[in-house]
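Worksheet: one structure, shown below.
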Amino acid sequence: MIFDGVKFLILPNASTAALQFITKLIEDNGGHVIERMSEVHGKILVLVNDSYVTEDYKLRDEKYFRKEFQLDYDAVWQFIFDHDLPCLNVSSVSDWIAKGELNVAHIALIDTSALENDETQENFPSSSANSEQPSPACTAEMKDTKTSHSESETDIEGFVEMSPSSNSPMPAPSVIPDPPVIKANEKYVRLTEIPRMNSQLIDAMQRLYKKYDIKGDHFRSRGYKLAKASIEKCPFQIKSGEQAQLELANIGPSIAKKIQTILASGTLPGLDDSSELDQRLEYFTNCHGIGTHTAKRWLALQYTSFTDVLRGSPQEFVSGWPSLLGWSYFEDWSRKISRTECEKHLSVVKQCLSEIDPDCQVELQGSYNRGSQTCGDIDLLFFKENCDNLVVIAEIFERLVSLLHSRGYIQCILQLTPDLFDEFKSKLKGIFDKCELPFPAKNHFGNDRHIHKYYLGVKLTKHQYRSEELLRAGQYLHLKPCDNFMSSSSKKSENPCRRLDFFCCKWSELGAARIQWTGSGEFNRWIRLRAAKMGYKLTQHGLFKGGQKLESFDEGVIFDTLDVPRIPPEEREQGLWMTKLNEKNTVA
DNA sequence: TGGCAGCGCAC
DNA sequence: GTGCGC
DNA sequence: GCCA
């Protein structure tokens, strides 16, 4: 068998469902997967969970990677570095099995030099003068161009037999001078040349999802979304539609047939010709506040741009004034946000919050909390110890928004209280004037004194933060030229405007609220459906049975009651918690 | 064949 | 009640 | 779309 006598070490651990599947594959083919530190010696092939490997083949999320480590982190890396062990993607296993040979040379190796950057990103001087001269920050962006590729040859097929070397001094990976990276023979290829497993199928599902999503066919689009997640999670190469339907969750006869068509012909008819109509629909729905219903209605009226709507049905933007802001920030709000920028936003908000009520707490939720490298928006949850009175929080919110606005941080608000209207009036009027709409009376803009959530547009100054080159150059949506006159999106040199959400909860409902706002949306639907099947109801206010609240403060107890493991936020991304594979494993 | 999460806010 | 967003 |  192809893995006879070969020992594998799976990092950071082999405990997820997909990795247990891989473990079984390895052992079915004569290999062994290491479980204890005492086994860390001799010939070892190191496999790294694909979700910790970036596209350019570096290690990502070192914090979580370390946290998830099953064995002794330092000792393992010491051993890997000492013996120049090759590190590969876990997904290589299915390639080997498919090819029937263990050929390391054709597989890209993982560049572990990312570990060198441990904790040292974001080193802009916080108090450096804002002069015209090139600041240290600029040069900092150009660091890290050194090549750490070792020249030495490694005979991968015949790793040297080594004795266990566990108790030597163990420098942290960050100080190891020359980690064993990207070295193999000339046949070495970069990951980017190796298509991601089943990427064609994943791409097709994504497009079908999008297609029905913009059409408003909610449930059908969800079907494709779940199918996509299943395929992404699938650790082996899908060979037929039938196989996919048999072995993966959320793949039924219709998708199986489509998979078969793609595998056989390389394309799916009707996939690429995303119709003119669909594209127009998508343009509108990309604007905050415009959903499929409104987009369809506009399309039926022959509108193809926001300017068309403004001319033909100006009332649309008067009653739906938040979409006027969606239009203005169309481009900025489609840009991704780095984790470090999210953290900067938190600190700005925290600073003002402490001036208003030092007892009120705030924390990042959403995709940031799930460990995403980039976020679409920033979600903040506010609460106050032992405070179940939301009026108190609403008042804090109002003062906080006012303070943040006065400091130039808040660009716009999508909900208004009467008091905040007065503060934002001139800004709003400016936008109405720009498109020559009549400015409505005050009571048009929200009459509630207390609101418990705010959707804001916010911007950090250059002094507070500078986006990384890559993110600044990243892809984002563009307005049609005729719509551009309304754009308030950032100029090249500024930071983009960001979407910032404020949520709040009663202290007694903190756990349930954290589940809700940490998401993902798919995870919420899954766990709420599960609750419903068990006769419970789960909302942001708590877990209920027969109208009676069972638990709302302790997240863990909610998971326990629903008989699911206490899934950490990083595993609440779609596809990472429940599939057929997972079910099999939990049943077994 | 019916169900697919559940809620707040604006209109 | 519907549309939208989370 | 998929699933019970």
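Just so it is clear: chains get the letters A, B, ... in the order the sequence lines come, proteins before strands, and each one is counted from 1.
Counting non-hydrogen atoms under 4.0 angstrom, A/Lys258 reaches the backbone sugars and phosphates but no base. Counting any heavy atom pair closer than 4.0 Å across all strands shown, A/Gly521 reaches no nucleic acid atom. Heavy atoms of A/Ile290 sit under 4.0 angstrom from primed sugar atoms or phosphate atoms, though from no base atom. Among the protein residues, A/Lys225 comes within range of no part of the nucleic acid, since none of its heavy atoms lies under 4.0 Å from any strand. As judged by a 4.0 angstrom heavy-atom cut-off over every strand, A/Asp379 is placed among residues touching the sugar-phosphate backbone only. Within 4.0 Å of A/Phe503, counting heavy atoms only, lie sugar-phosphate atoms of the nucleic acid but no base atom. Within the nucleic acid shown, A/Ile527 has no heavy atom closer than 4.0 Å to any nucleic acid atom.
Residue A/His288 has its side chain nearest to C/dC6 when only D/dG1, C/dC4, C/dC6 are considered. Closest to the A/Arg222 side chain, of the nucleotides B/dG6, B/dC4, C/dC4, is B/dC4. Taking the side chain of A/Arg525 as heavy atoms from C-beta on, and the options B/dA10, B/dA5, C/dG5, the nearest nucleotide is B/dA5. Across D/dG1, B/dG6, B/dA10, the shortest atom-to-atom separation from the side chain of A/Asp448 is found for B/dA10. Ranking B/dA5, D/dC2, B/dC7 by closeness to the A/Ser254 side chain, first place goes to D/dC2. For A/Ile255, whose side chain is taken as the heavy atoms from C-beta onward, the closest listed nucleotide among B/dA10, B/dG6, D/dG1 is D/dG1. Among B/dA5, C/dC6, C/dC4, the nucleotide with an atom closest to any side-chain atom of A/Thr294 is C/dC4. Comparing B/dG8, C/dC4, B/dA10 against the side chain of A/Gln540 picks out B/dG8 as the nearest.
A salt bridge links A/Glu363 with A/Arg514: the distance from a Lys NZ or Arg NE/NH1/NH2 to an Asp or Glu carboxylate oxygen falls below 4.0 Å. By the 4.0 Å N-to-carboxylate-O rule, A/Arg449 lies too far from A/Glu395 to be salt-bridged with it. Ion pairing of A/Arg335 with A/Glu331 is absent here, as no side-chain N (NZ or NE/NH1/NH2) approaches a carboxylate O to less than 4.0 Å. For the pair A/Glu555 and A/Arg572, the salt-bridge criterion is met [side-chain N within less than 4.0 Å of a carboxylate O].
Aromatic stacking is marked for A/Phe219 over B/dC4, as both cut-offs hold: 5.5 Å for the centres and 30° for the planes.
Between B/dA5 and D/dC3, the distance separating the two P atoms is 15 Å to the nearest Å.
Residue A/Lys211 places no side-chain N or O under 4.0 Å from the OP1 or OP2 atom of D/dG1. Taking only side-chain nitrogens and oxygens, A/Arg220 comes nearer than 4.0 Å to OP1 or OP2 of D/dG1. Here A/Lys453 does not reach the OP1 or OP2 of B/dC7: none of its side-chain N or O atoms lies under 4.0 Å away. Applying the 4.0 Å criterion to OP1 and OP2 of B/dG8, one finds that A/His541 has a side-chain N or O inside that range. Between C/dC6 and A/Arg499, a contact under 4.0 Å exists linking OP1 or OP2 to a side-chain N or O. Contact annotation: A/His293 side-chain N/O to C/dG3 OP1/OP2 distance is under 4.0 Å.
In this structure, A/Leu529 places its CG atom 7 Å from P of B/dC4, rounding to the nearest Å. Note: CZ (A/Phe445) to C1' (B/dC9) measures 16 Å, nearest angstrom. The separation between A/Gln245 atom CD and D/dG1 atom P is 13 Å, rounded to whole Å. Atom CG of A/Asp377 and atom P of C/dC6 are 6 Å apart (whole Å). A/Asp501 places its CG atom 18 Å from the P atom of C/dC4, with the value rounded to the nearest Å. Atom CZ of A/Phe421 and atom C1' of B/dA10 are 16 Å apart (whole Å). If you measure from atom NE2 of A/His452 to atom P of B/dG6, you get 23 Å, rounded to the nearest angstrom. Here the C1' atom of nucleotide B/dA10 and the CG atom of A/Leu414 are 12 Å apart, to the nearest Å.
By the salt bridge (charged side-chain N to carboxylate O under 4.0 Å, His left out) test, A/Asp501 pairs with A/Arg499, sequence neighbours left out.
Comparing A/His218 and A/Pro322 by the nucleotide of DNA chain B whose heavy atom lies nearest to each, the residue mapping closer to the 5' end is A/His218.
Of the candidates A/Asn369, A/Asn524, A/Asp379, A/Asn369 is the only one forming a side chain to side chain donor-acceptor pair (under 3.5 Å) with A/Thr518. Checking A/Phe317, A/Phe424, A/Trp321, A/Phe439 one by one against A/Phe432, the ring pair (Phe, Tyr, Trp, His ring centres under 6.0 Å) holds for a single residue, A/Phe439.
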